[in-house]
Amino acid sequence: MGIKEHVQAVQAKIEAASLAAGRDPKEVTLCAATKVQTDDTIRAAIAAGIQVCGENRVQELTAHLEADAYAGARVHFIGHLQTNKVKQVVGKVELIHSVDSERLLRAIDAQADKLGIRQDILLEVNIAREESKGGCLPEEVPALAELAQSLGHLRLRGLMAIPPISPEPGANRPYFAAMRQLFVDIREKMSDNQTDMDCLSMGMSGDYEDAIREGATLVRVGTALFGPRPPMGAAR
Ligand SMILES: *Cc1c(COP(=O)(O)O)cnc(C)c1O
């Protein structure tokens, strides 16, 4: 199968999982996780119907932007972001998924202020409380969400999570369900700006159908579209 067949197969599974859950498939966005892919592979994915590309590393993002490889698609930043690199990301992507600290919120807001824009962001939640992972803890979400709302150059669009890679099908459903509850709670709390909070980013190649069953509005899929990555690129 080529990229086109892979894209169609994933889109069909997204549609089936949405309908099975009683949801409108249009509520779920497919974001292609393009880490380690070449400019030409990204162009082929976009030609095959991908509308959103998610990039992990600032260096790759910058190179693909310079090569105009994302033409025809929207770009998201989905990887860990260091405060000293916000300049290379703010204003260059539609949505930053991986915001997990007060420091990062303030740095992104300051850069957006400089550019005279409002940057859309998600708060990343370490929902399984894994020691080696990014993301804030679930109990930190309300304070970070309030801070995000108080900063004039950010727009909080929702939450993101990367649960454990699990060999067992269905193992992450409780985490996805917990994220959904957190999302509903925080949206209620931020009632003034409810309409801005429309994104729950969760689910990858191994579990995106489960994530959709539990309420994901955006799934980030790499391997199922592009095939396995070389070991060097496997790390986040
Ligand atoms: C690589 C990556 C994905 C996609 O992972 P696959 O298992 O290859 O689908 C999703 N989200 C993030 C943040 C990633 O780094």
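All ligand and atom numbering here is 1-based and tracks the order in the structure. For clarity, every value in this text was computed on a predicted model and none was experimentally measured.
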Pull out every atom of ligand 1 sitting under 4.0 Å from any heavy atom of Asn56, numbered as shown with elements.
14 (C), 15 (O)
Counting each atom of ligand 1 from 1 as listed, which ones have a heavy atom of Thr223 under 4.0 Å away?
6 (P), 7 (O), 8 (O), 9 (O)
Residue set satisfying ring pair (Phe, Tyr, Trp, His ring centres under 6.0 Å) with His64, at least two apart, ordered chain then number -> Tyr70
Starting from the C-alpha separation in whole Å, work towards a yes-or-no answer on salt bridge (Lys or Arg N to Asp or Glu O under 4.0 Å) for Arg129 and Glu139.
CA-CA 11 Å; Arg129 298 173 180 275; Glu139 59 270 25; 2.6 Å; yes
Give a yes or no on whether a salt bridge exists between Asp109 and Arg106, defined as a side-chain N under 4.0 angstrom from a carboxylate O.
no
Atoms of ligand 1 under 4.0 Å from any heavy atom of Lys35, numbered from 1 in the order shown, are 1 (C), 2 (C), 3 (C), 14 (C), 15 (O)
Quick note on ligand 1: atoms under 4.0 Å from a heavy atom of Ile162 include exactly 13 (C)
Does the Lys133 side chain pair with the main chain of Ile162, one donor and one acceptor, at a distance under 3.5 Å?
yes
Which of the numbered atoms in ligand 1 are under 4.0 angstrom from any heavy atom belonging to Val221?
9 (O)
Please state which part of Ser205 comes within less than 4.0 Å of ligand 1, counting heavy atoms only: side chain, backbone, both or neither.
both
For ligand 1, is any non-hydrogen atom under 4.0 Å from Ile165's backbone (N, CA, C, O), its side chain (CB onward), both, or neither?
neither
Which pairs would a plain distance check flag for residues 16-32, meaning a side-chain donor or acceptor within less than 3.5 Å of a matching protein atom at least two apart in sequence or in another chain?
unit_1: Ser18; atom_1: OG; unit_2: Ile14; atom_2: O; d: 2.7
unit_1: Arg23; atom_1: NE; unit_2: Glu27; atom_2: OE1; d: 3.1
unit_1: Arg23; atom_1: NH1; unit_2: Ile212; atom_2: O; d: 2.9
unit_1: Arg23; atom_1: NH1; unit_2: Ala216; atom_2: O; d: 2.8
unit_1: Arg23; atom_1: NH2; unit_2: Glu27; atom_2: OE1; d: 3.2
unit_1: Arg23; atom_1: NH2; unit_2: Ala216; atom_2: O; d: 2.9
unit_1: Asp24; atom_1: OD1; unit_2: Lys26; atom_2: N; d: 2.9

